[in-house]
Amino acid sequence: MGIDVSADTFSSQIRSKDDATSQLIATWTVTKPNGGTDGLLLLALDDAITSAIAATRGYMDLKRISAGEPLPVFDRPIEVIFQGAVTE
């Protein structure tokens, strides 16, 4: 994010269409690995979640709550494409 987000709360979902009411595909776990003071966020999907995804693409949002107020992060959801298995 490039700013201190230590006091902010984040959530993120992948949906089937560029629409907040479309079918939910997956929900990211959003963490701040360094406490958020450096603005770094880590979004992760558990293997149990990814193995159940049948879709080939979806649309990801990122929601931010700061001081109790929702703040925009992206102008619109970001298209994501699911390809093969991810390994470390």
Check: Excluding sequence neighbours, so at least two apart, what forms side-chain hydrogen bond (donor to acceptor under 3.5 Å, both in side chains) with S6?
Finding: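 Residues passing side-chain hydrogen bond (donor to acceptor under 3.5 Å, both in side chains) with S6: D4.
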
Taking all non-hydrogen atoms of both residues, which atom of [X] and which atom of [Y] are closest, and how far apart?
X   : Y   : value
P77 : Y59 : CB-CB, 3.9 Å
M60 : F74 : CE-CE1, 4.2 Å
L45 : A26 : CD2-CB, 4.0 Å

Next item on the list: Write out all pairs satisfying salt bridge (charged side-chain N to carboxylate O under 4.0 Å, His left out) with one or both partners inside residues 14-29, taking only residues at least two apart or from two chains.
Entry: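 Listed once each, the pairs would be none.
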
Next item on the list: Scan for salt bridge (charged side-chain N to carboxylate O under 4.0 Å, His left out) pairs involving residues 70-80, sequence neighbours excluded, and state none if there are none.
Entry: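 Residue pairs with at least one partner in residues 70-80: R57-E79.
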
Notebook entry, point to check: Is L71 reachable from I78 through a run of hydrophobic residues whose side-chain heavy atoms are each under 4.5 Å from the next?
Noted result: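 In one cluster: no.
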
Next item on the list: Answer with yes or no whether the hydrophobic clustering places V73 together with W28; edges join I, L, V, M, F, W, Y residues whose side-chain heavy atoms lie under 4.5 Å apart.
Entry: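 Looking at the clustering, W28 is in the same group as V73.
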
Next item on the list: Look up atom CD1 in I49 and atom CD1 in I14, then write down how far apart they are to the nearest 0.5 Å.
Entry: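 Interatomic distance, I49 CD1 to I14 CD1, rounded to 0.5 Å: 9.5 Å.
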
Next item on the list: Supply the members, apart from I81, of the Ile/Leu/Val/Met/Phe/Trp/Tyr cluster built from side-chain contacts under 4.5 Å; use none for a lone residue.
Entry: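 Members other than I81 - counting any ILVMFWY side chain reachable under 4.5 Å - there are none.
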
Please tabulate, for side-chain N and O atoms in residues 34-44, each donor-acceptor pair with protein atoms closer than 3.5 Å (sequence neighbours left out).
{"from": "N34", "atom 1": "ND2", "to": "D38", "atom 2": "OD2", "distance (Å)": "2.7"}
{"from": "D38", "atom 1": "OD1", "to": "L40", "atom 2": "N", "distance (Å)": "3.0"}

Item checked: Heavy-atom side-chain proximity of I25 to I53 below 4.5 angstrom ->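 Sidechains of I53 and I25: in contact.
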
Name each donor-acceptor pair under 3.5 Å that joins a side chain in residues 62-69 to protein atoms two or more places apart or in another chain, with its distance.
{"from": "K63", "atom 1": "NZ", "to": "D61", "atom 2": "OD2", "distance (Å)": "3.0"}
{"from": "R64", "atom 1": "NE", "to": "D8", "atom 2": "OD2", "distance (Å)": "2.6"}
{"from": "R64", "atom 1": "NH2", "to": "D8", "atom 2": "OD2", "distance (Å)": "2.7"}
{"from": "S66", "atom 1": "OG", "to": "D8", "atom 2": "OD1", "distance (Å)": "2.9"}

